[in-house]
Amino acid sequence: MLVGRAEFLGVLARLTTESRLAFDVETTGLRPYQDSQLFSLVVATQSDVFYFNFLPYEDLDLEYVLPREWLSEFQVVFGNRDAVYFAHNAKFDLAMLSREGIEVLGTVHCTEAMARLLGNVELTYTLDACVTRLALATNTVISKDHTVEWYINKYDLWAWEQEPGKAARKKNKFFAKVPVDIMAPYARRDGEITMRLGEWQEDEFLLQASTVPPNLPSILALADNERRLTKTLFKMERVGVAIDKAYCEEAIKYEEARAEKATSDFKSLTGQDLVDSGKALKGVFAQYGFEVPNTEKGNPSVTDEFLARTPSPVSQIVQTYRDATKRVNTYFRSFVWLVGADGAVHCNFRQGGTATGRVSCTNPNIQSAPKEDEGPFKVRRAFIPRPNFFFFAPDYSAMEYRVMLDYAGEDALIERIKAGMDVHQATAELIGTSRKQAKSVNFACLYGAGIEKLADMLGTSLKDARRIRGEYFSKLPRVQNFIKQVVRTAELRGYVYNRMGRRCAFPDPRFSYKAPNYLIQGGCADVVKLAMNRIDDFLINRKSRMLLQIHDEILFEVHESERHICPELIAIMEQAYTPKSLPMQVVGKESGVSWGDVADA
DNA sequence: GAACAACGCACC
DNA sequence: AAACGGTGCGTTGTTC
């Protein structure tokens, strides 16, 4: 059941001979860059599962409490460059191992990320859900063990965690308090099913590859890229981005004061407490003679759009309150809360986070950090380069529009853009509208908007929207054709492939209108992922490093002595895309002060 | 009291 | 059958 001290080295020697291993760590918490610590490790082979315990349980024979110093011995197990290592949400395990000085040198196969690549239509990609689907698909009996969750609930081995200044609490589960005779079989099962899941996924990729039409890129290259990306993202997360804590504290004070002033202004004006909900605000606006519209589900809806056009004395107050509380709760206070002992935040870039192939970001979600915000405390100024480094932030110009035109092969427009013209300006001149209107129609195409939404975006009547869209499609017939063909293929076949070979499934024909967007958004995501892997290679033995990815932008910390690599980074990003005729254009910005200060170099 | 739904809003 | 794609996160209100 548990690996004892006597057999420890023998088991490790056995593990080093394996070409495929699954692993999983059990930890005191879920914050690898703050206080969480590994207390056990499961390693599974095709035939065996080994549980290594480092926690001194009261009634456990010391033979089965391995000394923590022995953790370093695991480097030989994870040091095989030819082996494949399966783990579910692997970046978490990599981070916990890294804390102990263990580096996985072989191929990391994150079964969560790879599950997303194999199929994008599931609601959840937890280990539990993935294994349940495996059982169904292969008609075998295999499932996750839920005993530990059950035990934690039964014996209340958890506590609420209240983040200062916030309304909501979070549950902290104490896995280290679960008895070892409950923990070990549970963890062993996780190791076993991760192994089965990983091997099954490898088979599934081969199967999918055999069904790909010969003129399209194989899914296998994309799968390799995703596997590689797990390590690229992990290294990026581990570096983290430094936070100016004192600045955040100042910002919190400032925004709290703004929110408080809004609250008291509201009270003195209306005589009521400010409760920011549609239900509560409906009555207040009624007092001033304004009717609040309803949402689709029939509930009162007080949006910023409503507040901006409603000349009541409380409109501005609610806007200020919302802006201030959002900035302080979602951003500044989160940054301070999540900052590690190294003074940096280490985001979690979820590799299997989206249906299209993009990565998403949590804890904190820097991909939603305000960009054009006003006032004395800009959010992105909280992110600062470390001493002797400066920020370099290259981004792809109008990436999705360019890819859409390249996909469609809209040559007349492509020639103008190649000559240096702005994408939306070129569109505007072609269809005879303002740049702003052209941009809206481009947007609408990209997202599959209907005519009503387009009219909304353009601020015109349905009739005018129809006319403008008609003009757009008559001047850009290949874009229209591209959209039609992709939707049609998705409807008839149930799936489409993007240019990198990613398969996007649309089992419900009602949603086939999304297919062109998936190809473009997901295709762009795959380009950026490829670029990131190439950059990760390029940066080996250099001091500069990647810090963040914001879909079409990458934030680097470049060492002062390596300023010359900036053009090379841009070149790698541009060349990650193989155009039919319109190449990508990457523009670099930089700052030695903060992310909020990056500007054209 | 806890879980969940709904809403609003930050980004690409 | 329905027509704005993809996220994460905060609060409020409802439900069990």
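Atom set for the values below is all heavy atoms of this structure, side chains included, hydrogens, waters and symmetry mates excluded. Below, chains carry the letters A, B, ... as their sequence lines are ordered, and counting in each starts from 1.
- Base-pair partner of C:dG8: B:dC9 (Watson-Crick or G-U wobble, both distances under 3.5 Å).
- Between A:Arg381 and A:Glu250 no salt bridge is recorded (no basic side-chain N to carboxylate O distance below 4.0 Å).
- Backbone-only contact: A:Lys514 has heavy atoms under 4.0 Å from sugar-phosphate atoms and none from a base.
- Comparing the same atom, C1', in B:dG8 and in C:dA2 gives a spacing of 24 Å after rounding to whole Å.
- Taking side-chain N and O atoms only, A:Ser360 has a distance below 4.0 Å to OP1 or OP2 of C:dG8.
- Residue A:Phe511 is classed as having no contact, given no heavy-atom separation below 4.0 Å to the nucleic acid.
- Checked against a 6.0 Å centroid threshold, the rings of A:Phe290 and A:Phe306 do not count as neighbours.
- The separation between A:Gln367 atom CD and C:dC9 atom P is 11 Å, rounded to whole Å.
- Electrostatic pairing of A:Lys261 and A:Asp265 counts as a salt bridge here, judged by a charged N lying under 4.0 Å from a carboxylate O.
- Between the CZ atom of A:Phe506 and the P atom of C:dA3 there is a distance of 16 Å, rounded to whole Å.
- Within the 4.0 angstrom heavy-atom criterion, only backbone atoms of the sugar-phosphate kind lie near A:Val302; the bases stay farther away.
- Heavy atoms of A:Cys524 sit nowhere under 4.0 angstrom from any nucleic acid atom.
- Among residues at least two apart or in separate chains, salt bridge (charged side-chain N to carboxylate O under 4.0 Å, His left out) pairs with a member in residues 367-378 of chain A are A:Arg327-A:Asp373.
- Residue-level contact check: A:Ala369 touches the backbone only, with heavy atoms under 4.0 Å from sugar-phosphate atoms and none from bases.
- Within the nucleic acid shown, A:Arg327 has no heavy atom closer than 4.0 Å to any nucleic acid atom.
- Using a 4.0 Å heavy-atom distance criterion, A:Ser301 is classed as a sugar-phosphate-only contact.
- In this structure, A:Arg502 places its CZ atom 19 Å from P of C:dG5, rounding to the nearest Å.
- Taking the six-membered ring for Trp, A:Phe506 and A:Tyr518 have ring centres closer than 6.0 Å.
- Counting heavy atoms from C-beta on, the side chains of A:Leu476 and A:Thr427 come closer than 4.5 Å.
- Using cut-offs of 30° and 60° for the angle between ring planes, the A:Tyr495 and A:Tyr497 rings count as perpendicular.
- How far CG of A:Leu338 is from OH of A:Tyr33: 13.5 Å, rounded to the nearest 0.5 Å.
- When side chains are defined from C-beta on, A:Ser594 does not count as touching A:Asp244, because their heavy atoms never get closer than 4.5 Å.
- A 3.5 Å limit on both hydrogen-bonding distances identifies no Watson-Crick or G-U partner for C:dA3.
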Please list, for nucleotides 13-16 of chain C, all pairs of protein and nucleotide N/O atoms separated by less than 3.5 Å.
unit_1	atom_1	unit_2	atom_2	d
C:dG13	OP1	A:Ser277	OG	2.7

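- Between A:Arg488 and A:Glu491, no side-chain nitrogen of the basic residue sits less than 4.0 Å from a carboxylate oxygen of the acidic one, so the salt-bridge criterion is not met.
- Among the heavy atoms of the strands, none lies under 4.0 Å from A:Ala444.
- Taking only side-chain nitrogens and oxygens, A:Asn365 never comes nearer than 4.0 Å to OP1 or OP2 of C:dT7.
- At whole-Å resolution of the value, CZ in A:Arg350 and C1' in C:dG8 are 9 Å apart.
- Rounded to a whole Å, the CG atom of A:Leu446 is 14 Å from the P atom of C:dC4.
- Here A:Asn363 reaches the OP1 or OP2 of C:dC9: one of its side-chain N or O atoms lies under 4.0 Å away.
- Taking 4.0 Å as the cutoff to heavy atoms of chain A, we find the contact window on DNA chain B bounded by B:dA2 to B:dC12.
- Side-chain nitrogen and oxygen atoms of A:Tyr518 include at least one within less than 4.0 Å of the OP1 or OP2 phosphate oxygen of C:dG6.
- Residue A:Leu274 holds its CG atom at 11.5 Å from CG of A:Leu269, rounded to the nearest 0.5 Å.
- The interatomic distance linking A:Gln521 (CD) with C:dT7 (P) rounds to 8 Å, in whole Å.
- Between A:Asn498 atom CG and C:dG6 atom C1' there is a gap of 14 Å when expressed in whole angstrom units.
- A:Arg333 comes within contact range of no nucleotide atom at all, as no heavy-atom separation falls under 4.0 Å.
- By the criterion of a centre-to-centre distance under 5.5 Å and near-parallel planes under 30°, the ring of A:Tyr513 forms no stack with the base of C:dA3.
- Of the candidates C:dG5, C:dC4, C:dA1, the closest approach to any side-chain atom of A:Arg510 belongs to C:dA1.
- As a whole-Å value, the separation of A:Asp526 CG from C:dG6 C1' is 14 Å.
- Residue-level contact check: A:Asp456 touches neither bases nor backbone, having no heavy atom under 4.0 Å from any strand.
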